[in-house]
Number of protein chains: 2
Amino acid sequence: MEKFKSLDVLKQQAILEAALEEFAEYGYDTASTNRIVKKAGIGKGMLFYYFNSKKELFHHLVSYSFDLVVKEYFNLVDLSERDFIERFKQASKVKLKAQTENRHVFNFIGMVMLEKELELPEDLQKQFKELQRLGYALLYEGIDKSLFKQEMDVEKTFNLIRWAIEGYQNELLRKLEGQKMAAIDFDPYWQEFYEYLDILKRSFYK
Amino acid sequence: MEKFKSLDVLKQQAILEAALEEFAEYGYDTASTNRIVKKAGIGKGMLFYYFNSKKELFHHLVSYSFDLVVKEYFNLVDLSERDFIERFKQASKVKLKAQTENRHVFNFIGMVMLEKELELPEDLQKQFKELQRLGYALLYEGIDKSLFKQEMDVEKTFNLIRWAIEGYQNELLRKLEGQKMAAIDFDPYWQEFYEYLDILKRSFYK
DNA sequence: ATTCTATTGACCATAGTGGTCGAAAGGTGT
DNA sequence: ACACCTTTCGACCACTATGGTCAATAGAAT
């Protein structure tokens with residue numbers, strides 16, 4: 001592991017990307033170390049010289065991805081915005097940027113979330129809980145509840161708005177999948193997104 | 001194939017269930033015919049006696065599942081209900097019943113939808129298109145648009161409501177996963193679900 | 001020249017794949 | 001009793017791929 005970290009950064013990157021992509025596509029069990037080294041352009045031996053086993057590599061990727069998401073996504077959202085929908089809009093922008101620049105990391109994390117029986121060591125479990133905590137705070141902390149219509153259950157309203165927005169984003173992602181994220185002009189989609197947000201505001205806010 | 005169809009119905013069922021479960025869990029490539037025969041309690045030879053290959057078995061499952069979903073779900077929804085949310089509520093009830101009684105089929109179809117590169121023969125493609133058409137009609141056909149606030153884009157409003165409801169259902173499924181569907185008392189969840197629907201109505205309807 | 005590190009890919013035992021096939025068992029009619 | 005056909009089994013096949021090792025190098029540093 002120290003071997004790996006004292007490596008040329010570009011080579012590190014190439015190996016990480018290759019491994020993230022492989023695990024994201026195949027899941028832990030079916031992922032192949034042979035394919036990883038081929039994609040990364042290194043000899044088979046090196047992978048086990050840097051990391052001692054497939055599992056160790058995987059754990060490193062998990063830790064690395066969690067850190068990256070916090071640094072490149074969670075920490076960049078402005079928590080002083082107290083309007084729920086505006087907060088969500090802002091978070092979406094930051095997230096899209098991070099996602100475009102780190103496709104494999106986000107896909108990898110998606111896979112980690114879905115994988116059924118997959119026990120992580122204590123420290124990664126802790127990192128995971130922290131990630132969940134931050135993700136929650138990102139959306140719900142410091143929100144001004146007085147913006148909503150009095151008679152509604154605020155928590156339920158939060159959820160409905162969240163599901164609606166996530167639904168839009170998932171559908172968009174599905175529609176755009178296969179295309180190079182970096183090559184897409186997102187402006188018309190942002191436009192459309194704002195129209196959806198507008199409807200939500202007019203429906204749920206006072 | 002005629003061999004299979006002229007088989008004791010219970011045995012047929014056992015084989016179908018075993019195969020559906022295996023494919024749903026592992027996807028086409030990673031699914032193992034060895035595990036299937038073990039689960040189904042038959043000898044290896046029989047599987048290839050009934051169906052000639054893994055692919056033929058898979059195609060049969062696809063066709064079987066599509067038919068079942070139409071018969072046990074789509075066809076049971078009352079299309080004369082013109083209130084969008086009421087229609088959705090009704091469809092949810094029917095779907096939950098079908099899903100409880102055919103867990104493996106629904107999981108299998110979910111897997112088929114997700115599988116990336118997976119080309120089906122012409123006839124199954126056609127069946128699939130038909131399924132999509134019916135699924136769309138199920139939600140959108142004959143809906144009374146005058147119930148919604150005039151100033152909103154109705155199609156966008158439909159989508160928001162759909163995403164919100166699907167979001168709730170997915171979250172609920174995730175929360176309940178692992179439990180025996182048949183053993184769950186759904187009443188409190190229906191209660192909660194209705195409260196969500198109520199908020200939606202009060203927010204989006206005139 | 002020597003020592004230490006980085007790098008390779010052929011190689012290993014192992015496990016699992018989809019599919020086959022000879023043999024046995026069961027059933028039916030004569 | 002026999003013959004004939006259908007059903008059932010699981011050992012077996014050739015093959016592919018796995019995670020991991022290691023002897024042999026090449027390069028750097030001293």
Side-chain angles (χ1 to χ4, degrees), chain A residues 1-62 108 111 115 117-121, chain B residues 1-62 108 111 115 117-121:
Chain A
M1 270 291 322
E2 323 78 38
K3 302 285 172 50
F4 179 70
K5 273 173 183 153
S6 64
L7 200 58
D8 171 53
V9 180
L10 280 172
K11 199 157 215 171
Q12 274 189 51
Q13 212 62 26
I15 296 171
L16 289 178
E17 292 287 296
L20 287 166
E21 190 179 354
E22 174 73 14
F23 279 116
E25 182 165 353
Y26 292 96
Y28 180 79
D29 283 331
T30 317
S32 153
T33 52
N34 290 327
R35 279 192 299 257
I36 291 174
V37 295
K38 199 168 294 176
K39 256 183 268 192
I42 61 173
K44 179 85 173 283
M46 292 318 286
L47 192 66
F48 292 86
Y49 180 61
Y50 300 139
F51 311 92
N52 298 306
S53 69
K54 187 185 184 182
K55 183 159 278 163
E56 200 172 308
L57 164 63
F58 183 75
H59 288 160
H60 178 72
L61 291 176
V62 172
F108 176 79
M111 169 260 133
E115 199 92 339
E117 63 256 316
L118 162 58
E119 64 250 25
L120 297 170
Chain B
M1 269 290 326
E2 322 78 40
K3 303 284 172 50
F4 179 69
K5 274 172 183 155
S6 64
L7 201 60
D8 174 50
V9 180
L10 279 173
K11 202 158 212 170
Q12 274 188 50
Q13 213 62 28
I15 296 172
L16 289 178
E17 291 287 295
L20 286 166
E21 189 179 356
E22 173 74 14
F23 279 116
E25 181 165 353
Y26 292 97
Y28 181 79
D29 283 331
T30 317
S32 153
T33 52
N34 289 327
R35 278 192 299 257
I36 291 175
V37 295
K38 198 166 295 175
K39 256 184 269 194
I42 61 174
K44 179 85 174 282
M46 292 318 285
L47 193 67
F48 292 87
Y49 180 62
Y50 300 138
F51 310 92
N52 298 307
S53 68
K54 186 184 183 182
K55 184 159 279 161
E56 200 172 306
L57 165 63
F58 183 74
H59 288 161
H60 179 72
L61 293 176
V62 172
F108 176 79
M111 169 261 133
E115 198 94 337
E117 62 257 316
L118 162 57
E119 65 251 22
L120 297 172

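All values below were derived from every heavy atom in this structure, side-chain atoms included, with hydrogens, water molecules and symmetry-related copies excluded. Computed from a predicted model, the values in this text were never measured in an experiment. Proteins come first, then strands; the chains are lettered A, B, ... in the order of their sequence lines, and each starts at number 1.
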Participant: Please find the pair of heavy atoms, one from A:Thr30 and one from A:Tyr26, that lie closest to each other, and give the distance.
Facilitator: CB-O, 3.4 Å

Participant: So what does A:Tyr50 hit on the nucleic acid, given a heavy-atom distance under 4.0 Å: a base, only sugar-phosphate, or nothing?
Facilitator: sugar-phosphate

Participant: Can you check whether A:His60 reaches A:Glu56 side chain to side chain, under 4.5 Å on heavy atoms?
Facilitator: no

Participant: Between D:dG10 atom P and B:Phe48 atom CZ, what is the distance in whole Å?
Facilitator: 15 Å

Participant: Expressed as a whole number of angstroms, how long is the span from B:Met46:CE to C:dG18:P?
Facilitator: 18 Å

Participant: Check DNA chain C against residues 27-43 of chain B and give the residues with a non-hydrogen atom under 4.0 Å, in numerical order.
Facilitator: B:Ala31, B:Ser32, B:Thr33, B:Asn34

Participant: Please give, in whole Å, the distance from C:dT17 P to B:Glu22 CD?
Facilitator: 9 Å

Participant: Can you check the A:Tyr26 OH to D:dG19 P distance for me, whole Å?
Facilitator: 12 Å

Participant: Side chain of A:Glu22, backbone of A:Ala31: donor and acceptor closer than 3.5 Å?
Facilitator: no

Participant: Report which part of the nucleic acid B:Phe4 touches: base, sugar-phosphate, or nothing (heavy-atom distance under 4.0 Å, all strands).
Facilitator: nothing

Participant: Measure from the side-chain heavy atoms of A:Lys11 and tell me the nearest of C:dT7, C:dG18, D:dT8.
Facilitator: C:dT7

Participant: Please classify the nucleic acid contact of A:Lys54 as base, sugar-phosphate, or nothing, using heavy-atom distances under 4.0 Å.
Facilitator: sugar-phosphate

Participant: Can you tell me how far C1' of D:dG10 sits from OH of B:Tyr49, to the nearest Å?
Facilitator: 16 Å

Participant: Rounded to the nearest angstrom, tell me the gap between atom CD1 in A:Ile15 and atom C1' in C:dT8.
Facilitator: 14 Å

Participant: Rounded to whole Å, please give me the gap between CD in B:Glu2 and P in D:dT7.
Facilitator: 10 Å

Participant: Nearest nucleotide by nearest heavy atom, which residue falls closer to the 5' end of DNA chain D, A:Lys44 or B:Ser6?
Facilitator: B:Ser6

Participant: Any side-chain heavy atom of A:Lys54 sitting closer than 4.5 Å to one from A:Ile36?
Facilitator: no

Participant: Indicate the atoms forming the closest heavy-atom contact of A:Phe58 with A:Leu120, along with that distance.
Facilitator: CE2-CD2, 4.4 Å

